[in-house]
Amino acid sequence: MSVGTSGAKGALRAHDVRSAPAPRHGDLAELGLDPDQLPDGLVIADEHGRVICFNAAAVRITATPAADALGRQLDRVLPLEDLEGRRWWQLTDPYGGLAIRVGQPERNLLLPGGREVLVSARYVRLRPTGPIRRVVVSLRDTEARRRTERSHAELIATVAHELRSPLTSVKGFTATLLAKWERFTDDQKRLMLETVDADADRVTRLIAELLDISRIDSGRLEVRRQPVDIGAAVGRHIQAYVASGQSADRFLLRIGQPLPDLWADPDKVDQVLSNLLENAVRHGEGTVTIDVAPAPSPREGEDVCTSVTVSDEGPGIPEESMNRVFTRFWRGSKRGGTGLGLYIVKGIVEVHGGTITVGRAPEGGAQFRFTLPVGTPAYLA
């Protein structure tokens, strides 16, 4: 067993003595724990400040080999500075500071070279206010947090941009109508009010998208299952496109029989269909083909599920972009929209227990396929 692992065992035993004098949890071997299996960096120093544990994650985060760290002084192995350039170990002084301190909360600190890490520390004592037996330091990479912060910043920027245009239009038309109502004909008034109404719908859709993203990210997206005729639902969307001016010949609906009884949230299924068909009509070319068919279920205890495939004959999606289609803000080669629709589609399908994939259609265009489990309520099963 390595020196580092032995040190970790000692640290845990000391912690057990301090916080739980009743039966001890045992050592690392009994628990089946290995410091190198921890996702965060773990650095442990003994009562003299010498490093006795330096796990694999700490090696990765600091780029310091374990052999160069073990046995050296903690402040030399981790020469941390705060964001103002002050040396962290001199500020905190774990061995010579107040005896009532139990550790340091997590904070952003800098390694040599300016690399930022999240650091927290725990001071292990055999008795309250006694001398320090171990200093346990946790290191975490900040890259995941930075990606989250960038994603939030992009979301705010996108929302601000998408809201500015319709709200400017609404404000402009309403201000003009209020100031010069008598100067416009009825047809001009109707045109302006129709524009305001359309822009208000656009804002409403954006707010609905943001609420969906919030619920998906927090795991609070609710599904209210009801019987859904998926073929009829697709047919309604096609009829709406035809009524708005699209040629009926552009759509081909094929329904395989017999379809299983599908229990799903009808509003959310409509939202998925609306996004996929809009993408095919707006970004694709030629015939939009929708195949609805029974399919083998990937879940145990179910023999069949419902699959829906939407294909077009356009240029398709580049191979290098396939893995980013369902991420936030992906818009493909053509700009327009918020780039949130397919992210929401994936969240809705997955909250139903289904799957969604993207590929290339036989005709060369984009092909989206999603499957929904039967989802029969327990009281009907």
Side-chain angles (χ1 to χ4, degrees), residues 221 223-243 246-317 319 322-323 325-326 332 341-378 380-381:
L221 189 64
V223 175
R224 295 178 174 86
R225 296 185 185 272
Q226 301 175 32
V228 174
D229 186 337
I230 191 75
V234 175
R236 288 194 302 271
H237 283 279
I238 293 175
Q239 290 171 6
Y241 276 107
V242 173
Q246 290 286 336
S247 171
D249 294 336
R250 187 170 184 196
F251 300 93
L252 173 60
L253 173 59
R254 299 185 296 209
I255 301 178
Q257 297 293 347
L259 287 177
D261 295 331
L262 176 63
W263 286 74
D265 189 315
D267 292 335
K268 290 181 171 54
V269 169
D270 272 341
Q271 194 173 352
V272 171
L273 294 173
S274 175
N275 270 283
L276 295 183
L277 287 172
E278 182 180 359
N279 278 338
V281 171
R282 178 183 294 181
H283 303 295
E285 298 171 3
T287 302
V288 176
T289 304
I290 306 99
D291 289 294
V292 182
S297 175
R299 305 199 313 178
E300 280 189 39
E302 285 186 354
D303 296 328
V304 69
C305 62
T306 300
S307 74
V308 180
T309 306
V310 180
S311 309
D312 63 70
E313 298 174 347
I317 299 170
E319 192 71 30
M322 291 283 189
N323 61 342
V325 166
F326 297 108
L342 290 175
Y343 177 82
I344 294 172
V345 163
K346 184 173 184 288
I348 291 174
V349 170
E350 290 181 347
V351 82
H352 277 85
T355 60
I356 185 167
T357 57
V358 61
R360 186 168 293 279
E363 296 79 11
Q367 181 180 83
F368 289 88
R369 181 177 185 268
F370 70 92
T371 61
L372 295 177
V374 174
T376 307
L380 293 177

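The shown structure was predicted, so the numbers you read here are calculated from the model rather than taken from an experiment.
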So which atom in [X] and which in [Y] form the shortest heavy-atom distance, rounded to 0.1 Å?
{"X": "Pro258", "Y": "Pro294", "answer": "O-CG, 3.7 Å"}
{"X": "Ala280", "Y": "Asp312", "answer": "CA-OD2, 4.0 Å"}
{"X": "Pro362", "Y": "Gln367", "answer": "CD-NE2, 3.7 Å"}
{"X": "Arg225", "Y": "Trp263", "answer": "NH1-O, 3.0 Å"}
{"X": "Cys305", "Y": "Pro373", "answer": "CB-CA, 3.8 Å"}
{"X": "Ser311", "Y": "Ala361", "answer": "CB-CB, 3.8 Å"}

Answer yes when Asp265 and Arg224 have at least one side-chain N-carboxylate O distance shorter than 4.0 Å, and no when they do not.
no
Any side-chain heavy atom of [X] within less than 4.5 Å of one from [Y]?
{"X": "Val308", "Y": "Leu273", "answer": "yes"}
{"X": "Ile344", "Y": "Val272", "answer": "no"}
{"X": "Thr287", "Y": "Asp249", "answer": "no"}
{"X": "Arg250", "Y": "Tyr241", "answer": "no"}
{"X": "Thr309", "Y": "Phe368", "answer": "no"}
{"X": "His352", "Y": "Lys268", "answer": "yes"}

Straight-line distance of [X] [atom1] to [Y] [atom2], nearest 0.5 Å:
{"X": "Ile290", "Y": "Ile255", "atom1": "CD1", "atom2": "CD1", "answer": "10.0 Å"}
{"X": "Arg236", "Y": "Ile238", "atom1": "CZ", "atom2": "CD1", "answer": "11.5 Å"}
{"X": "Leu276", "Y": "Leu342", "atom1": "CG", "atom2": "CG", "answer": "6.5 Å"}
{"X": "Ile348", "Y": "Leu372", "atom1": "CD1", "atom2": "CG", "answer": "10.5 Å"}

In short, salt bridge (charged side-chain N to carboxylate O under 4.0 Å, His left out) pairs touching residues 345-374 with sequence neighbours left out are Lys346-Glu350
Listed partners of Ser274 passing side chain to side chain contact (heavy atoms under 4.5 Å, CB included), at least two apart
His237
Pairing residues for Thr306 by the side chain to side chain contact (heavy atoms under 4.5 Å, CB included) criterion, not counting sequence neighbours
Ile230, Pro260, Leu262, Val292
Quick check on side chain to side chain contact (heavy atoms under 4.5 Å, CB included): which of Val288, Thr289, Val234 does Phe251 satisfy it with?
Val288
Should the heavy atoms of other residues, nucleotides or ligands under 6.0 Å from CD of Glu319 be counted, would the total exceed 12?
no
Would you tell me whether Thr355 and Thr371 have side-chain atoms, one donor and one acceptor, within less than 3.5 Å of each other?
yes
